[in-house]
Number of protein chains: 2
Amino acid sequence: MKLSELKSAAEVHDEVLTSPEAKAERDRTAFAHDVALRVISYRATHQLSQSALARQLGMKQPAIARLEAGDHEPSLSTLSRLARGLNIDFHVDVTPNSLELRA
Amino acid sequence: MKLSELKSAAEVHDEVLTSPEAKAERDRTAFAHDVALRVISYRATHQLSQSALARQLGMKQPAIARLEAGDHEPSLSTLSRLARGLNIDFHVDVTPNSLELRA
DNA sequence: CCGCACGATAACACGTGTGTTATCGCCGGA
DNA sequence: TCCGGCGATAACACACGTGTTATCGTGCGG
């Protein structure tokens, strides 16, 4: 075992303070919610039903409903699919203590 | 890998024109490769072994090796974990025809 | 009242990214 | 030469996001 494989006291201290699991969970749902809002507002401004939007994206209506529910974090491949199908951009900022969707 | 094994620009161009799926695949692996480079260069500048970095991130050495191989598209939760553990930022641009990691 | 579009939800299968253990080959120092 | 860490890889289990079908309730137009 080498010294470089040991955690420094500062690192351990940071872990105690930040409670990474709880924060990760908060960010996860917040991000999902932001993506949901993008989909919802697109559908509103384009006057589309969930079924119509699903057709436009090559998906089924329940998939859209699930996205708009914002209950789980969309994958990057799903974001890519949305960007293509809706002709919009997503800009994601991943920082040491947040996961955000930028305008 | 030898130069002769690489596709020419013309061949890649044809793929984009003829097969949208091929482009999605290219973006996926290119993105994975970019993330891999970030991890590799961090580890190089900080003089860490894969095992040491794994420990710093709460992972095992093979997980780091897999990340650096760049064969899978990292999930957003993995990116968050890297950002937290390495104290770096990732900025992801998702547009209708590309998935890029910005500097 | 009836029918139909709409949106939400449940249930299930499936792909893929991740976590982990166990090795393997390689190389550098004692 | 032997032994140590290092990095790659295989093999497996598992979590999670996704695709899909089948409903169910609601509300509106006929």
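Convention: sequence-line order gives letters A, B, ...; per-chain numbering from 1.
For L67(A) and dG7(C), the CG to P distance is 14 Å, given to the nearest whole Å. Summarising the geometry, the separation between CD on E68(B) and P on dT18(C) is reported as 14 Å, rounded to the nearest angstrom. Taking atom CD1 on I64(B) and atom C1' on dG5(D), their separation rounds to 17 Å, with Å as the unit. Distance Q61(B) CD to dA8(D) C1': 7 Å, rounded to the nearest Å. Between the P atom of dT18(D) and the CD atom of E73(B) lies a distance of 11 Å, rounded to the nearest Å. Between L76(A) atom CG and dC16(D) atom C1' the separation is 14 Å, expressed in whole Å. Rounded to a whole Å, the CZ atom of F31(A) is 17 Å from the P atom of dC16(D). With rounding to whole Å, L57(B) atom CG is found 12 Å from dT20(C) atom P.
Side-chain contact between T95(A) and S80(B) is absent, with no heavy atoms from C-beta onward closer than 4.5 Å.
The side chain of K60(A) has dT20(D) as its nearest neighbour among dT18(C), dT20(D), dG19(C). Ranking dT18(C), dT9(D), dG7(C) by closeness to the R81(B) side chain, first place goes to dT18(C). Proximity note for M59(B) (side chain, C-beta onward) versus dG19(C), dT9(C), dA8(D): the nearest is dG19(C). You'll find that the side chain of P62(B) is closest to dT21(C), out of dG7(C), dT20(D), dT21(C).
When all heavy atoms of R66(B) and D71(B) are compared, the pair lying nearest together is O-OD1, 3.3 Å. Looking at every heavy atom in both residues, L82(A) comes nearest to I88(A) through O-CG1, 4.2 Å. Nearest heavy-atom pair, A36(A) versus E68(A), reported as atom, atom and distance to 0.1 Å: CB-O, 3.5 Å.
If you find the closest nucleotide of DNA chain D to R66(B) and to R43(B), the one lying nearer the 5' end belongs to R43(B).
Contacts with DNA chain C (heavy atom under 4.0 Å) in residues 46-54 of chain A: S49(A), Q50(A), listed by number.
Remark: S75(B) is not in phosphate contact with dG17(C), judged by side-chain N or O atoms under 4.0 Å from OP1 or OP2. Remark: H72(A) is in phosphate contact with dT18(D), judged by side-chain N or O atoms under 4.0 Å from OP1 or OP2.
Taking CZ of R38(A) as the reference point, atom CG of L79(A) lies at 9.5 Å (rounded to 0.5 Å).
Among the protein residues, S77(B) comes within range of no part of the nucleic acid, since none of its heavy atoms lies under 4.0 Å from any strand.
There is no side-chain donor-acceptor pair under 3.5 Å between S49(B) and S51(B).
M59(A) and L86(A) end up in the same hydrophobic cluster when Ile, Leu, Val, Met, Phe, Trp and Tyr side chains are linked at under 4.5 Å.
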